Amino acid sequence: MTFDPETTTFLIAGPVRIHPRVLRAMSMSSLNHRGDYFHGIVAEIRELMPVLFGAKGHQLILSGSGTAGLEAMYSSLVPKDRRTLVLSNGNFGERTDQIVRRYSSQVTTVTAPWGQPLARDAAEQELEKGDVGAVCVVHNETSVGLANELAQLAPSVRKSGALFLVDGISAVAGIPVDIDGWGIDALVAGSQKGLAAPAGLALVHLSDRAVAALHPGSFYLDLAAHLKSLEKNDTPWTPAVPLFLALREALVILREEGLVHRLERTHRLAEAARGAVDALGLSLFPERRHASDTVTAVRNPDGMGDAELRKALEREYNVLVQGGQGALTGKIFRIGHMGIADWPDLLVTFAALERILGKAGRLPAPGMALRAVVDRMP
Ligand code: PLP
């Protein structure tokens, strides 16, 4: 079987597979982005956005990938005259640190090794020292398949009075994010993850407190300018019109499924993936109780690198999963199971993994990975 991008079993950690309805929605000739028709689409998107975030608030659409949303959030909200605390335990935590340092010279970074939970005690000690104006954290560390426990961190952030700024790019519509309960002030989602729209848009939720704290940072990504335009269903600059059309359809599909059901289905797929990994005799990269429901990160078996495993999946079975990043390249592989990923995707992927490991004489018990998936199907 040769790799075919149109028919592949597509389980990278985002972008995710896109529903044909969303693809069709994008196929339209150019629209006047200052005209009534497009403004009507923006109005519909605004009405639908609480379906994605599970909360109401000030919600914006930015043309640009998830990182554009992060840059918008940090450049507009990281205080100039107080300390900012960054918590990091993976590649995207390190990216947070890099972005925040472009906009503040008073950054304290509390790191934990990649794949370990956040260093919460150290973070709380920093908060107790005082003068922290913002706390920045990645909810779901896609690079290591780990969900950070924001529910546990939230009370100390709230007590400190700092703004709570969250990268929710691979969390939103994949794992529960309690915006109001945890007191999140700004949250960034990416169109290409749990929402299952094409890559290229960032969705941003802001609390009242965050709106009051906005200050000019980046020109293109000035959140105050975007908010002002959005009141008239407009955007300050030319938006990525086809992606807005796709976004509207992906939001309608999410509303049809319901956020709660999408989260439950994603959790169930994740449980199945973890059960199948066990049955293959492989181990998860993060500690199991911190394993993410949107991305399962698995250690490669000894002696089997990307060429023998991930590339073999692609070459021989037309299955795409993702490799590790940075120092984890060739050491782990990651299976994304968010958005509209579903049971057939897992069945094909684990059947192929059984075959590859079986041929290498490394499969403990044939059929058991598939059994683990089947047993968790509804
Ligand atoms: N943050 C997290 C947690 C991510 O998973 C990603 C992408 O995978 C990003 C940031 C960067 O987003 P983008 O590549 O859409 O700019």
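Every value quoted in this text rests on a predicted model; they were computed, and no experiment measured them.
Taking 4.5 Å as the limit, some side-chain heavy atom of Arg265 sits within range of a side-chain heavy atom of Asp342. Side-chain contact between Leu87 and Leu153 is present, with heavy atoms from C-beta onward closer than 4.5 Å. Looking at Leu52 and Leu195, their side chains come closer than 4.5 Å, going by heavy atoms from C-beta outward.
Annotation: Phe38 is not in aromatic contact with His33 [ring centroid separation under 6.0 Å not met]. For Phe219 and Trp237, the distance between ring centers is under 6.0 angstrom.
Counted by atom type alone, Asn148 and Asn89 present one or more donor-acceptor pairs between their side chains at under 3.5 Å. With 3.5 Å as the limit, one finds a donor-acceptor pair spanning the side chains of His58 and Asp208.
Taking 4.0 Å as the cut-off between side-chain N and carboxylate O, Asp306 and Lys311 do not count as a salt-bridged pair.
Interatomic distance, Leu201 CG to Ile61 CD1, rounded to the nearest 0.5 Å: 8.0 Å.
No chain of hydrophobic side-chain contacts below 4.5 Å, direct or via other Ile, Leu, Val, Met, Phe, Trp or Tyr residues, connects Val321 to Phe285.
Summarising the geometry of Leu280 relative to Glu354, their closest heavy-atom pair is CD2-CG, 3.8 Å, with the distance given to 0.1 Å.
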What's the verdict on ring pair (Phe, Tyr, Trp, His ring centres under 6.0 Å) for Trp182 and His139, showing C-alpha distance, side-chain angles and the deciding distance?
CA-CA 12 Å; Trp182 301 341; His139 189 182; 5.6 Å; yes
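Dense packing is recorded around CZ of Arg362, with more than 12 heavy atoms of other residues, nucleotides or ligands lying under 6.0 Å away. Counted within 6.0 Å of NE2 on His261, heavy atoms from surrounding residues, nucleotides or ligands total 12 or fewer; the atom is thus considered open. Residue Arg158 places its CZ atom among more than 12 non-hydrogen atoms of other residues, nucleotides or ligands, all under 6.0 Å distant. Within a 6.0 Å radius of CD in Glu47, no more than 12 heavy atoms belonging to other residues, nucleotides or ligands are found.
Put simply, the residue from Thr109, Thr96, Thr84 that forms a side chain to side chain donor-acceptor pair (under 3.5 Å) with Arg101 is Thr109.
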